[in-house]
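Inspection log for the structure reproduced underneath, given as structure tokens.
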Number of protein chains: 2
Amino acid sequence: MSTAPAGNRSGRSVSRQVLADHVYEELLASLMDGRLEPGTAVSIDGTARDLDVSPTPVREALARLEHTGMVRRVALKGYRVAPLFTREDFAELMEARLAIEPVNARLACERMTPGQLAELEEAVSDLKKAPRGPSFAEYRDYLEADERFHRLIAEHTGNQFMVSAYSALGGQVQRFRLFGGVGITDAEYAISEHQAVLDALEAGDPDAAAEAMAEHVRRVRGRAIADAPAD
Amino acid sequence: MSTAPAGNRSGRSVSRQVLADHVYEELLASLMDGRLEPGTAVSIDGTARDLDVSPTPVREALARLEHTGMVRRVALKGYRVAPLFTREDFAELMEARLAIEPVNARLACERMTPGQLAELEEAVSDLKKAPRGPSFAEYRDYLEADERFHRLIAEHTGNQFMVSAYSALGGQVQRFRLFGGVGITDAEYAISEHQAVLDALEAGDPDAAAEAMAEHVRRVRGRAIADAPAD
DNA sequence: GACGGGGCATTCCTATAGGATTTGTGTATG
DNA sequence: CATACACAAATCCTATAGGAATGCCCCGTC
């Protein structure tokens, strides 16, 4: 660290945040919006240099990220971004979503407060407003709102374990949205499906909410399989 | 490190395993069989001294463990074993198990090979043979077989994401078996319920397998609520 | 006897050093 | 021209040092 201290020993004590947390957030963001493509090696020393920190916090952040499935670690070879899905992986992911997300929708419907419902409405609204241009940068807002909608439903179950279960999937879902063949054409259909889920939640009908969510996941699966690239 | 190097720099190159892995396994075992009770602080430097390693691998192992929910981390205060469940936590855990484990049983039933079925039979057999004396040490074998049964079903779904989802719960389930009020008396009933799940799997009836698993979880919930201690 | 302050130990956190191994490159040889 | 070897660079992994903050205990004072 020669030129830029960039640390915190001289600055004010904003240092009340651990560097490993910062590194984790930074890497997660890079993974979520596609800056780090599947298969890329994530060098410990390298990212340490990039972020102007020592390898130790990077090591800790990567250990946490590994458990999300977004990076893989080989014992003495280092970390690399988890490889692209095969068709089988995608089928497994959708199967798992079908098991978990309709339950989340049902539970959320039974317990949601008006304020939480408003958050969901905002997510769907953002989804509709988000630009869906051909460029990645614009598409990002759409993806963010999509992910937010599903995550909020998981959180509004009030069940910490369902949140954990969804989180185990959520990152992979996001990665698939980016690289798995679901393209921008998906958006037109997906918006109405999200709206259907929201309608059922607003109506307070748990069965309908679960079914609408299940239908959404099935349709995502169907669209992706239709125009999925080769393995 | 004054007296015992205990490391690997002098020994033969068995060092082809990373120390952090060893520390992780060690801590996990301590958590799973009750040597580390809820609320206990897990000092980084302390465990490093205990295991004759430096703090760096311990730090990495704990970062991984945190994601399992078995230890909690407070930003600049360190790690401690996750606290005991409240009744609400327990209800949430059972709700999540009801959402996930019957699905696992159904999928496993549809796809399981004879060899995998034999593994399950062995787990149930071990469950019956395991001593259920009043001492913790003896009870351990029973708990291990119980956990193994459920984990094998998750793995035999052939769906890596359902395995992840179960893993997010599995550790907590095990911790609850130890500390949550489900006592040895549970064993007598649970064995027949496990047998019922196994019977359905052997019969190749997915619906029955899912229902048997759901019934098992519901009964575990019922028994625990019956004689649960106060919060 | 009760309360407050100072020093010491512990602990977390980050940086740095160095050993072991792999990888890549350049050169010499068949 | 292709192959093999050697050296250099990068990388992972572990240990150690030291700063910053917290907690604890003892002691002096009211």
Side-chain angles (χ1 to χ4, degrees), chain A residues 1-27 36 39-67 71-82, chain B residues 1-27 30 36 39-67 70-82:
Chain A
M1 225 191 262
S2 52
T3 62
N8 43 20
R9 57 177 154 292
S10 64
R12 61 197 187 287
S13 72
V14 176
S15 77
R16 296 300 73 197
Q17 194 198 10
V18 180
L19 279 191
D21 292 338
H22 173 65
V23 176
Y24 181 86
E25 300 290 342
E26 203 69 28
L27 285 174
L36 283 174
T40 309
V42 183
S43 151
I44 295 176
D45 293 344
T47 49
R49 281 191 298 271
D50 291 346
L51 300 179
D52 260 325
V53 297
S54 80
T56 311
V58 176
R59 188 169 282 278
E60 195 172 327
L62 282 171
R64 284 189 234 166
L65 270 171
E66 187 199 1
H67 219 284
V71 299
R72 290 208 196 299
R73 159 176 167 275
V74 183
L76 292 164
K77 309 259 298 179
Y79 293 85
R80 52 183 52 239
V81 181
Chain B
M1 229 192 264
S2 52
T3 62
N8 44 19
R9 57 178 152 292
S10 65
R12 61 200 188 288
S13 72
V14 176
S15 76
R16 293 302 71 196
Q17 194 198 10
V18 180
L19 278 192
D21 292 337
H22 174 65
V23 175
Y24 180 86
E25 300 291 342
E26 203 70 29
L27 285 174
S30 295
L36 283 174
T40 309
V42 182
S43 152
I44 295 176
D45 293 344
T47 48
R49 282 192 297 273
D50 291 346
L51 300 180
D52 260 325
V53 298
S54 81
T56 312
V58 175
R59 186 170 284 278
E60 196 172 327
L62 281 170
R64 283 188 235 166
L65 270 171
E66 186 199 3
H67 219 282
M70 303 187 67
V71 299
R72 290 208 197 298
R73 159 176 167 274
V74 183
L76 293 163
K77 309 261 298 180
Y79 293 85
R80 52 183 52 239
V81 182

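Below, each value reflects all heavy atoms present in this structure, side chains not excepted, and no hydrogens, waters or symmetry copies. Computed from a predicted model, the values in this text were never measured in an experiment.
- Taking atom CG of residue B/Leu19 and atom P of nucleotide D/dC13, one finds them 11 Å apart after rounding to whole Å.
- Without hydrogens or angle criteria, B/Arg72 side chain to B/Ala82 main chain gives no donor-acceptor distance under 3.5 Å.
- A distance-only check finds no donor-acceptor pair linking the side chain of A/Arg73 to the backbone of A/Tyr79 [under 3.5 Å].
- In the set D/dT11, D/dA15, C/dA15, the nucleotide with an atom closest to the side chain of A/Ser43 is D/dT11.
- If you check D/dC12, D/dT16, C/dC12 against the side chain of B/Asp45, the one that comes closest is C/dC12.
- Within 4.0 Å of A/Arg73, counting heavy atoms only, lies no atom of the nucleic acid at all.
- The B/Ser54 side chain lies nearest to D/dA15 when the options are D/dG23, C/dT16, D/dA15.
- Side-chain atoms of B/Pro55 lie closest to D/dT16 of the nucleotides D/dT16, D/dC12, C/dT14.
- Rounded to an integer number of Å, the gap from CZ of A/Arg59 to C1' of D/dA15 is 12 Å.
- Under 4.0 angstrom from either OP1 or OP2 of D/dA10 there lies no side-chain N or O belonging to A/Arg49.
- Within the 4.5 Å cutoff, the side chain of A/Arg59 has no heavy atoms near those of the A/Val23 side chain.
- If you take CG of A/Asp50 and P of D/dT11, they are 10 Å apart, rounded to a whole angstrom.
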